[in-house]
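These notes are about the structure you will find just below.
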There are 2 protein chains.
Amino acid sequence: MRKLKAPDVVIRRLALYLRILQQIDDEEGGRFISSKELGDRAGVNSAQVRKDLALFGEFGKQGVGYEIGYLREELRAILNANRTINVAIVGVGELGIALARYNLRRFTREKHYPFRLVAAFDNDPAKVGRKIEKTVEIFPISQLPERLPELRIDILIITVPADAAQAVVDLAVKAGVRAILNFAPTKLFVPPKVRLHYSDVSLELQQLAYYLES
Amino acid sequence: MRKLKAPDVVIRRLALYLRILQQIDDEEGGRFISSKELGDRAGVNSAQVRKDLALFGEFGKQGVGYEIGYLREELRAILNANRTINVAIVGVGELGIALARYNLRRFTREKHYPFRLVAAFDNDPAKVGRKIEKTVEIFPISQLPERLPELRIDILIITVPADAAQAVVDLAVKAGVRAILNFAPTKLFVPPKVRLHYSDVSLELQQLAYYLES
DNA sequence: TAGATTGTTAATCGATTAACAATC
DNA sequence: TAGATTGTTAATCGATTAACAATC
C-alpha cells in the first residue's frame, strides 16, 4: 500500500534519516530528536522531515520530538533494512571488485548493514569459478536465470561495459529481477515493475565541470 | 552569466544530451536530430529538451531540428567539455584505485574524454610516493594545499573513510578547491561557492531495498 | 507550397515551506 | 501550567508538459 504514495525523493531522504539516526545512536545515545535537529543534520527543512515521516505514520510526540531508537526501528522496517538484502554484481572488473570488497567489508564490520553480497557474474573464463575474497563465487553470466531465484538475489549491481549492459539487464529481467543499480554509463530500458537506479561517475564529473570558470 | 539561471537538473540533462550526441556522431553520423528523438533517447519530454537548450541559445532550425555536430560543440563549450579538466583523487583505497584506473583508461581510449587524473593523495606511508598505473603519483594529504594550485586541480574526488572526509574537504576548501565529488557515505559542509556532489552507493541500495516485497 | 519542428507562452503538476491548532 | 514541537492544512515555489504561432 505504501508503495503507492511516497515519491522517490522522499524514500531517498528516509534512507538518509535512518543513516543519521544510526550514527547518533551509536555515538551519542540521546533519547529524543526534534524534526528541526534531524533536518539540520540531513540538510532539509524541519517541515519536510515531519511531512516525509507523516506519510508512513505518527512517530513523534508533540513538544518532545521523536524517540530515536523507536524511529530508527520504524524506518528500518519501512525501508526493509531489518532483513538481509541479497546483492549480486555483474561484471567483475576493477569497479565490480572494488564495490564487492567494499560491500563485504561493511557487512562484516557493521552490525546493522543489511546488504550481503551473494554472487558475482562475468563472462571471462579466467574469472569464472574463482572467488572474490575467498567467499563470493564468480558465475558465468549465462547462469543468471538459474542463480537469481536460487540465491534469492534482491538487487543486481551492473558494472559491465556500457555496450554489454542492456543484454545483461534483459536476461535479468526475464529471470524476474526486481531492482537494479547500474554503473554502466548508458541508459537502460526495463519494464515499469523493475526498479532501476543509476550511478554515473562521468556524468557527475561532467556536471561539476560546468560550474568551473571557463 | 549563465551560472545564474540554469537549475542543476538542467545541467545534468545537458550532460546526458551531450553523451547521446557523441554516441550518435561516433556510430551513425546523421546530420540532424529533432527534440523528439533526442528526448526519446534521453528519456525526457521533447518540450523539455527544447526548453533546456533555449536557456543557452537558439541552436535549432524550425521544421528541421538540430544539426548534430553543431549542437554537440555548443554543448561541449557550455559544459566545459572542450578543455581538459584536471581531476585528483583523495583516498587510495579499493574504490579510489578503481576510479583512478577507470578514469585513466577512458582518457587514453576516448578521443573526447575531458577528465585527466593528475594526482592522488593518501596518508598511508606505504602508498605515498608510489604511482597508480605508473603515471599518477600519490602525495600525502598534507600536501593538498600546495598541489591543488600547482597541478591546477579542477575537481577533487573524495574516497576516504566517512570519518576522515570533512577534514580533507576543509583542507581542500582552504586551498581554493571549486568542485568536489564525494563518495564517502556522509554529509559534508562546504561554503556556497564550492560545488559539492554526492555519489553514495549504500544510500542507493537502501533506496532500492524499499521497493522490494517486504 | 505543405509538412515538420522550433522557440516560447500558458497550463498543469508536484514538491517545498510556512503557519498554526492540537497536545505532550 | 508554560514552552516546545508535532501533524497537517494552506501558501508558495519551481519544474514539467501542452499548445501554438513562427518559420525552415
Side-chain angles (χ1 to χ4, degrees), chain A residues 2-17 20-21 24 30-75 78 187 192 207 210, chain B residues 2-17 20-21 24 30-75 78 187 192 207 210:
Chain A
R2 66 179 198 239
K3 307 318 191 211
L4 300 174
K5 43 182 174 173
D8 210 43
V9 64
V10 171
I11 304 305
R12 167 162 232 97
R13 286 195 298 264
L14 292 186
L16 191 57
Y17 302 157
I20 292 166
L21 293 175
I24 294 176
R31 286 191 47 75
F32 282 86
I33 190 168
S34 67
S35 59
K36 176 72 169 56
E37 188 182 347
L38 186 50
D40 286 348
R41 297 205 189 212
V44 305
N45 187 289
S46 69
Q48 188 150 72
V49 172
R50 295 196 298 278
K51 206 138 198 277
D52 289 346
L53 296 176
L55 283 172
F56 294 90
E58 305 194 355
F59 304 117
K61 282 194 185 28
Q62 280 107 324
V64 182
Y66 301 88
E67 205 271 297
I68 290 176
Y70 172 68
L71 182 57
R72 186 194 64 221
E73 291 311 311
E74 290 291 321
L75 286 177
I78 290 166
K187 182 168 171 57
Q207 220 185 324
Y210 166 78
Chain B
R2 67 180 197 240
K3 307 317 193 211
L4 301 175
K5 43 182 177 173
D8 210 42
V9 64
V10 171
I11 304 305
R12 168 162 231 95
R13 286 194 297 263
L14 292 186
L16 191 57
Y17 303 156
I20 291 166
L21 293 175
I24 294 176
R31 285 191 46 75
F32 283 87
I33 191 168
S34 67
S35 59
K36 176 71 169 58
E37 188 182 348
L38 186 50
D40 286 349
R41 296 205 191 214
V44 306
N45 187 290
S46 70
Q48 189 150 73
V49 172
R50 295 196 299 277
K51 206 137 196 277
D52 289 346
L53 296 176
L55 283 172
F56 294 89
E58 305 194 355
F59 305 117
K61 281 192 183 33
Q62 278 109 325
V64 182
Y66 301 87
E67 205 272 296
I68 290 175
Y70 171 67
L71 182 58
R72 187 194 64 221
E73 291 311 311
E74 290 291 323
L75 286 178
I78 291 165
K187 182 169 172 54
Q207 221 185 324
Y210 166 78

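Below, chain A is the first sequence line, B the second, and so on; all start at residue 1.
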### Query
Contact class for F59(B) (heavy atom, under 4.0 Å): base, sugar-phosphate, or nothing?
sugar-phosphate
#### Entry: Positions of residues 35-45 of chain A (non-hydrogen atom under 4.0 Å from DNA chain C), listed by number
N45(A)
#### Entry: E58(B) side-chain proximity, nearest of dT8(C), dA18(C), dA15(C)
dT8(C)
### Task
Count the heavy atoms of every other residue, nucleotide or ligand shown that sit under 6.0 Å from NZ of K36(B), and state whether that count exceeds 12.
no
### Message
OP1 or OP2 of dG7(C) versus the side-chain N and O atoms of R50(B): is any pair under 4.0 Å?
### Response
no
### Query
Which atom names give the shortest non-hydrogen contact between S35(B) and V49(B), and what distance separates them?
O-CG2, 3.8 Å
### Query
Does R12(B) place a side-chain N or O at less than 4.0 Å from the phosphate oxygens OP1/OP2 of dA15(D)?
no
### Summary
DNA chain C nearest-nucleotide lookup for V10(A) and G63(A): closer to the 5′ end is V10(A)
### Query
Does dG7(D) have OP1 or OP2 sitting under 4.0 Å from an N or O in the side chain of Y66(A)?
yes
### Query
More 5' along DNA chain C: A54(B) or V9(A), using each one's nearest nucleotide?
A54(B)
### Query
Closest heavy-atom contact between L16(B) and A42(B)?
CD2-O, 3.7 Å
### Query
Taking the side chain as C-beta and beyond, is there a heavy-atom pair between D52(B) and Y17(B) under 4.5 Å?
yes
### Closest approach of Y66(A) to S34(A) (non-hydrogen atoms, all atoms of both residues)
CD1-C, 4.5 Å
### Query
Taking CD from E74(B) and C1' from dG7(C), how many angstroms apart are they, rounded to a whole number?
16 Å
### Task
Convert the base pairs of DNA chain C into dot-bracket notation, remembering that pairs crossing earlier ones are written with [ ] and that bases paired across to another strand are shown as |; include only Watson-Crick or G-U pairs under 3.5 Å.
..||||||||||||||||||||||
### Query
Is D8(A) salt-bridged to R12(A), going by a charged N under 4.0 Å from an acidic O?
no
#### Entry: Candidate nucleotides dG7(C), dT16(C), dT6(D), ranked by approach to the side chain of K51(A) - the nearest
dT16(C)
### Message
Can you confirm whether L14(B) sits close enough to L53(B) that some side-chain heavy atom of one is under 4.5 Å from a side-chain heavy atom of the other?
### Response
yes
### Query
Which atoms form the tightest heavy-atom contact between F32(A) and V64(A), and what is the distance?
CD2-CG1, 3.4 Å
#### Entry: Between P of dT6(D) and CD of E67(A), the distance in whole Å
14 Å
### Message
Is Q48(A) close enough to dT16(C) that one of its side-chain N or O atoms is under 4.0 Å from OP1 or OP2 there?
### Response
yes
## Note on the structure
Here the pair of heavy atoms bringing I11(A) nearest to Q207(B) is CG2-CG, 3.9 Å
### Query
Taking CZ from F32(B) and C1' from dT6(C), how many angstroms apart are they, rounded to a whole number?
12 Å
### Task
Using atom CG of D8(B) as one end and atom P of dT16(D) as the other, report the distance to the nearest whole Å.
12 Å
### Y210(B) versus I78(A), closest heavy-atom pair with distance
CD1-O, 3.4 Å
### Rounded interatomic separation in angstrom, taking CD from Q62(B) and P from dT6(C)
9 Å
## Note on the structure
From NZ of K61(B) across to C1' of dC24(D) the rounded distance in Å is 9 Å
### Query
In whole Å, what is the span from the CG atom of L53(A) to the P atom of dG7(D)?
7 Å
### Query
Does a nitrogen or oxygen in the side chain of R13(A) sit under 4.0 Å from OP1 or OP2 of dA15(C)?
no
### Task
Looking only at side-chain atoms of P7(A), point me to the closest of dT23(D), dT5(D), dA15(C).
dA15(C)
### Length of the CG-C1' vector between L55(B) and dT8(C), whole Å
12 Å
